[in-house]
Protein chains: 2
Amino acid sequence: MKDVARRAGVSQATVSYVINGSEDERIGQATRDRVFAAARLLGYRPNVAARSIRTQQSNLIGFVTDTVASTPFAGAMIKGAQDAARAASKILLLINTEGHAEVENTAIETLLEHRVEGIVYATMYHRPVVPPPGLRETEAVLLDCYCEDRSLASVVPDEVTAGRTATEALIRKGHRRIGLLNNSDDVPAASGRLAGYRQALAAHQLDSDPALIQCASGGTARAGYEAALALLSQPDRPTAVFCFNDPMAMGAYDAIRKLGLTIPDDIAVIGFDNHEVIAPALHPGLCTMQLPHYEMGQWAVRHLLGGPESEPGPVQRLLDCPYIERESI
Amino acid sequence: MKDVARRAGVSQATVSYVINGSEDERIGQATRDRVFAAARLLGYRPNVAARSIRTQQSNLIGFVTDTVASTPFAGAMIKGAQDAARAASKILLLINTEGHAEVENTAIETLLEHRVEGIVYATMYHRPVVPPPGLRETEAVLLDCYCEDRSLASVVPDEVTAGRTATEALIRKGHRRIGLLNNSDDVPAASGRLAGYRQALAAHQLDSDPALIQCASGGTARAGYEAALALLSQPDRPTAVFCFNDPMAMGAYDAIRKLGLTIPDDIAVIGFDNHEVIAPALHPGLCTMQLPHYEMGQWAVRHLLGGPESEPGPVQRLLDCPYIERESI
DNA sequence: CTATATTGCTTAATCGTATAAGCTCTAGTG
DNA sequence: CACTAGAGCTTATACGATTAAGCAATATAG
């Protein structure tokens with residue numbers, strides 16, 4: 001800036017005023033032109049570190065994930081966060097911790113040293129967490145997770161409503177005996193979707209036969225295959241199944257084929273996740289629910305920045321999962 | 001720092017020396033203890049912006065992607081880059097541009113204003129690019145892409161070798177008529193793997209019947225399904241197929257089943273990508289090649305930082321794709 | 001024709017840190 | 001006992017910006 005000033009024959013302060021385009025400051029057009037010309041000529045580029053030390057704001061937002069590889073979900077959350085940040089001319093400082101507590105603490109410490117304006121703490125799947133203490137020292141939003149005491153703002157998918165919506169998609173097509181292939185792990189997704197499933201049955205006066213619920217661990221295609229085989233080998237088998245996620249639905253497809261049944265004529269299937277690479281690729285295309293990862297990422301950053309959506313105190317925000325229709329129902 | 005100094009009864013410079021643990025500087029143990037105590041008491045945390053303005057290094061690395069959502073690959077690359085950065089106590093500044101040229105330019109401008117020590121420019125799939133001009137103004141590495149004139153360092157998968165390895169995996173199990181379900185799009189992955197396929201056939205004195213090569217566009221399950229149907233309906237059909245990627249292999253599975261054939265007895269199948277959610281989930285498990293996304297991300301950052309792997313001048317680095325064995329051959 | 005307002009700058013202080021150079025002791029040397 | 005070395009600090013400056021306050025010249029008002 002000093003060099004630019006010298007070249008343009010003005011003071012360094014003037015250069016600052018011109019570069020920042022301060023409307024209120026009164027700098028003549030001729031001078032402005034000279035400054036811009038000199039800046040271009042010298043290839044001047046402002047130094048954000050110096051600026052942020054002076055203005056006391058970093059324009060940085062910390063984003064801590066427990067996993068970034070091995071899941072397409074992380075990408076969607078990052079993109080949502082990044083888009084919201086960009087809209088406010090902020091930029092993301094990304095740290096992946098692989099869930100390692102020690103790494104997590106130093107990561108947050110690093111972010112605080114960078115004077116981030118807030119931290120988004122994201123997990124790969126919806127679950128309760130005990131937030132690292134460092135989070136308390138700045139604005140923080142939990143993304144796809146929450147702390148039991150609700151002392152930090154968080155945004156998660158509305159599992160219950162999604163479970164109800166999915167089940168109702170089956171009911172709407174006339175199904176009366178509806179199976180649930182659930183995840184047996186103790187996660188909010190499993191309990192929430194189960195609750196939604198029950199709500200839907202109750203709302204339509206369908207009784208909830210425990211034999212219709214089959215659980216398996218892991219949420220993998222193999223788990224889905226075996227659970228589906230067990231569920232559908234029963235005497236009075238359901239005409240539709242709601243699967244915990246798309247990989248399990250993929251396994252269910254295999255099981256259904258193995259039993260010589262067809263989708264959707266003998267058995268209707270609905271999955272969960274709208275997994276880009278599974279749902280449209282299955283034959284027939286898999287009806288499923290989409291997790292609002294992008295929207296959650298976006299909401300998290302907007303909330304941090306205290307946008308229009310910012311409410312007072314720590315909020316727990318539930319976001320809807322849209323129903324994605326294809327041919328499996 | 002000034003506050004800590006006051007509280008510890010020393011000068012600000014002394015605090016700086018103590019905090020940075022400068023071995024050479026001669027500060028008494030008693031003073032060191034007082035400073036640390038005061039720092040802890042006041043919750044002092046260094047300001048990296050101020051530090052970086054003084055030391056003239058930001059410890060920041062820019063990471064620009066054209067896609068981050070809708071692909072698990074981005075995650076692996078980011079993680080590789082991030083791990084390498086962490087090892088050198090650097091931190092990633094992430095910007096996603098969705099391939100939009102204008103966004104790309106402002107993104108790079110922003111990174112330069114942050115005085116990043118280098119920029120990793122990553123694409124979601126292996127392809128040639130014309131790098132944004134801003135990249136020339138700092139250290140830059142192209143990740144999963146390259147510029148035609150090789151004027152920038154880049155790291156990409158070794159498609160040719162991978163194509164040969166995949167084909168040889170089939171040959172090794174005794175297959176003599178090997179089909180190729182390729183992507184008809186003009187991408188290095190398609191031409192490279194085709195070349196590798198031909199090399200392998202030639203090396204084993206197998207003739208390369210053009211009827212064995214079936215192409216389709218998009219690399220989707222549907223494309224694979226149709227290409228496989230066409231390829232396998234021929235009179236003298238192959239006993240094995242090498243598929244351009246895992247989604248196409250997934251489609252091929254459907255086609256093979258439709259034709260009443262079984263895997264691997266009638267037809268052996270090998271895919272490409274080792275897609276977490278497809279390859280292990282198919283019945284039988286899909287043999288495939290793994291793209292070295294993690295390693296490429298890691299290499300890119302290491303190269304930027306001029307680690308042991310840094311060679312002079314712009315390099316084009318090819319990284320191997322390991323073969324992942326399952327049950328489909 | 002003087003007093004005041006406005007325009008168009010400049011001067012100087014400040015943000016939080018790093019570090020060269022200097023200063024004051026004390027201990028050791030000849 | 002004077003002199004030097006080193007230990008253990010402090011002083012002062014710089015990094016690259018922002019911004020309040022001031023100052024000179026010109027325009028406007030009375």
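All values below were derived from every heavy atom in this structure, side-chain atoms included, with hydrogens, water molecules and symmetry-related copies excluded. Numbers restart at 1 for each chain; the letters A, B, ... are given by sequence-line order, proteins then strands.
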Check: Got a sec: does the CG of B:D186 have more than 12 other heavy atoms crowding it under 6.0 Å?
Finding: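 Atom CG in B:D186 is not packed in, count stays at 12 or less.
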
Note to self: On a heavy-atom basis, which atom in A:C145 and which in A:V129 lie closest, and how many Å separate them?
What the structure shows: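 Looks like CB-CG1, 3.9 Å.
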
Checklist line | Considering all heavy atoms, the nearest B:M124-B:T71 contact | finding: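 Answer, listing the atom of B:M124 first, then B:T71: SD-CG2, 3.6 Å.
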
Next item on the list: Could you note down all residue pairs passing ring pair (Phe, Tyr, Trp, His ring centres under 6.0 Å) where residues 105-145 of chain A supplies at least one of them, sequence neighbours left out?
Entry: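 Counting only pairs at least two positions apart or across chains, the ring pair (Phe, Tyr, Trp, His ring centres under 6.0 Å) contacts touching residues 105-145 of chain A are A:H126-A:Y146.
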
Notebook entry, point to check: DNA chain D: B:A30 or B:Q56, which has the more 5' nearest nucleotide?
Noted result: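 It is B:A30, whose closest nucleotide lies nearer the 5' terminus.
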
Checklist line | Residue whose nearest DNA chain D nucleotide is more 5′ - A:N47 or B:I27 | finding: B:I27

Whole angstroms only, please: what is the [atom1]-[atom2] distance between [X] and [N]?
{"X": "A:K2", "N": "D:dT18", "atom1": "NZ", "atom2": "C1'", "result": "14 Å"}
{"X": "B:D33", "N": "D:dG8", "atom1": "CG", "atom2": "C1'", "result": "15 Å"}
{"X": "B:L42", "N": "C:dG16", "atom1": "CG", "atom2": "C1'", "result": "15 Å"}
{"X": "A:E113", "N": "C:dG16", "atom1": "CD", "atom2": "P", "result": "15 Å"}
{"X": "B:Q29", "N": "D:dA7", "atom1": "CD", "atom2": "P", "result": "15 Å"}

Counting any heavy atom closer than 4.0 Å, what does [X] reach on the DNA or RNA strands: base, sugar-phosphate only, or nothing?
{"X": "B:R115", "result": "nothing"}
{"X": "A:V48", "result": "nothing"}
{"X": "A:S52", "result": "nothing"}

Checklist line | B:R7 and B:D3 ion-paired at < 4.0 Å | finding: no

Checklist line | Stepwise side-chain hydrogen bond (donor to acceptor under 3.5 Å, both in side chains) check, B:Q29 with B:D33 | finding: CA-CA 6 Å; B:Q29 190 56 47; B:D33 294 346; 3.0 Å; yes

Margin query: For nucleotides 18-23 of chain C, give me one character per nucleotide, 5' to 3': B if any protein heavy atom sits under 4.0 Å from the base, S if the only such contacts are to the sugar-phosphate, - if neither.
Written below: BBB-B-

